[in-house]
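So the structure is just underneath, and the comments pick up after that.
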Number of protein chains: 2
Amino acid sequence: MRLAGLGGALIQLGQEGQVPDPRYRQIADELERQITSGALTPGVRLLTEHELQLRYQASRNTVRDAVRWLTIRGLVETRPGQGTFVVRPPDPYVTTLSADLETGLGGGEGEAFYREVTDQGRHAYVPDPQVEVTGASGVVAAELRIPEGTSVVGRRLRRFIDGAPSSLQTTYYPMSLVEEGAQRLLSAETIFPGTVSYLRETLGLEQARYRDRITVRVPDNSEMAFFRLREEGRVSVLETFRTAFDSADKPFRLTVTIFAADRNQFTVFTGRVPDAARLVTPLPTARKASDG
Amino acid sequence: MRLAGLGGALIQLGQEGQVPDPRYRQIADELERQITSGALTPGVRLLTEHELQLRYQASRNTVRDAVRWLTIRGLVETRPGQGTFVVRPPDPYVTTLSADLETGLGGGEGEAFYREVTDQGRHAYVPDPQVEVTGASGVVAAELRIPEGTSVVGRRLRRFIDGAPSSLQTTYYPMSLVEEGAQRLLSAETIFPGTVSYLRETLGLEQARYRDRITVRVPDNSEMAFFRLREEGRVSVLETFRTAFDSADKPFRLTVTIFAADRNQFTVFTGRVPDAARLVTPLPTARKASDG
DNA sequence: GCAAATTTGTTCGTATGTATT
DNA sequence: CAATACATACGAACAAATTTG
């Protein structure tokens, strides 16, 4: 059995041979209580490691283990030279995945993106895309139903909301669309009002339907850098793969969007949805209290 | 630039005042290369901490920091007394969020759930629900548009696929539905073929539309226990809030489903979708190679 | 602008506990 | 029961980032 020392420290008596939680967890739990109870509010600095050491009569490494536990769970973040701070959850932005009634476009598509951001009273910034021609790789080839290595145009967008990096979007089109006349797909400039309209006007290509696939995963290094995520790995990314089909049910584009999971939420409408019901406010980001 | 040193140790020369990566990161990167390159395949055991210590001429703590880095990123997992193993990603199960053509029901709803699981060649197990009557709390009250504290029935399901815990689902109904005649909502047994049909037959309640809201967050303790997640915090949960409305556009239920993000994917269909296009195979779970 | 103080980050060494083989 | 392997905990020293004087 483990006993904490005297002097305001935590004591946990093991009952009946029960193994008590390790010391760093006791400290972490105590700090978590202070955060969830509101005694420590977002943005405030915690005690320094040295102060926590004295407070809990533990070694610095044990205190650091406790802080790491909280960091991984997204409750606090450490800043070298400054201290440890209670995380201030970002204001979530809500993307609608189902189609817009008027345009038939999904949220996140160029035109719809600006309007949806503005409707939520926020500011969108999307620099001109990076355009690249490559050979289709695994998922791209499979979704577009073209042989591996077939040339595709990739248009990559970095999207910011209220100045914060929000999502990364790359759309792949078969090069055949360019050859059939849609040369502007190769231009490294934003296509107004959007590529869907452009393809309809240029090639008569109708977007009859699309299918989204959604996964959640750990960000890679480039994504951690773009989203400015701390290196302790608390935030995941949500990735959507949108394959759009024409009226002949042939896929003509694949849009891959990567969202930082701490600042994005999503909505899907199904069935007869009145217009008035479409504006959605974010869910509260309060931590779950249930912990049994 | 990185140079392999003598005796297999890693050495990194800082160029022009560049700060080299810390030692534990160098070791982690080296191990990650071995994993992503396929030299270490899922399920195999890594060298023990002691062996890594000798291999990289680093202290045990430094080696453990490297392993922790990989653990947080979901590449490896440690098992006390056994060793450190390359993670074997679970076979993802795909849930369709948009409505089923025939039933008008969304994936994850009782009836649709079994069929969708079977269609993917897998086995579903859902024990009888736990039923509870409580006062409506924040989100529940808001979504059902009832005052806080109004009585609601909560029906909680634990769902397993191929024996592995897959998702936790709780559906909240206003008690007024029970008072109007839907007494079986209080029964702690599965309602066949499903509560949506039951409410239609009993009360004439039509599910005209629904709205899903999706967020990603860190699992709480009870979720970590149910999904059997390791305590190092790599896996997030994806949470959906489905509010269903009747033909008068009044919300009559809220279904909250929590999915372990490492074993679940999602699909949304939009537009005129042929039946044949509805069966979706999971996306590959290969790690992203791009790391710039 | 610079030096000192403060705070977190990295690395080492060591000892002991717990889980599994 | 013994051996092996990871988990927890302590102490110490120096490095890097930031703030303060």
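Naming convention: chains lettered A, B, ... in sequence-line order (proteins, then strands); numbering from 1 in each chain. Values below: every heavy atom of this structure, side chains too, minus hydrogens, waters and symmetry copies.
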Starting at [atom1] of [X] and ending at [atom2] of [N], how long is that distance when rounded to a whole Å?
X: A:Gln57; N: D:dA9; atom1: CD; atom2: P; answer: 15 Å
X: B:Phe85; N: D:dT4; atom1: CZ; atom2: C1'; answer: 12 Å
X: B:Trp69; N: C:dT10; atom1: CH2; atom2: C1'; answer: 14 Å
X: B:Asn61; N: C:dG13; atom1: CG; atom2: C1'; answer: 8 Å
X: A:Asp65; N: D:dC10; atom1: CG; atom2: C1'; answer: 11 Å
X: B:Tyr56; N: C:dT11; atom1: OH; atom2: P; answer: 15 Å

Closer than 4.0 Å, any side-chain N/O of A:Thr62 to the OP1 or OP2 of D:dC10?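 Indeed, a polar side-chain atom of A:Thr62 lies that close.
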Could you tell me whether the side chains of [X] and [Y] share a donor-acceptor contact shorter than 3.5 Å?
X: A:Ser166; Y: A:Arg159; answer: no
X: B:Asn61; Y: B:Ser59; answer: no
X: A:Gln34; Y: A:Glu30; answer: yes

Is the ring pair B:Tyr125/B:Phe160 parallel, tilted or perpendicular, if the boundaries are 30 and 60 degrees?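 Rings of B:Tyr125 and B:Phe160: tilted, 30 to 60°.
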Looking at A:Arg25, I want to see if its CZ is surrounded by more than 12 non-hydrogen atoms of other residues, nucleotides or ligands under 6.0 Å.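 Result for CZ/A:Arg25: enclosed.
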Minimum heavy-atom distance between B:Arg88 and B:Gly43, given as atom pair plus value: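 Closest heavy-atom pair between B:Arg88 and B:Gly43: NH2-CA, 3.7 Å.
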Interface polar pairs with nucleotides 1-8 of chain C, N/O, under 3.5 angstrom:
from, atom 1, to, atom 2, distance (Å)
C:dT7, O2, A:Gly81, N, 3.4
C:dT8, OP2, A:Glu49, N, 2.9

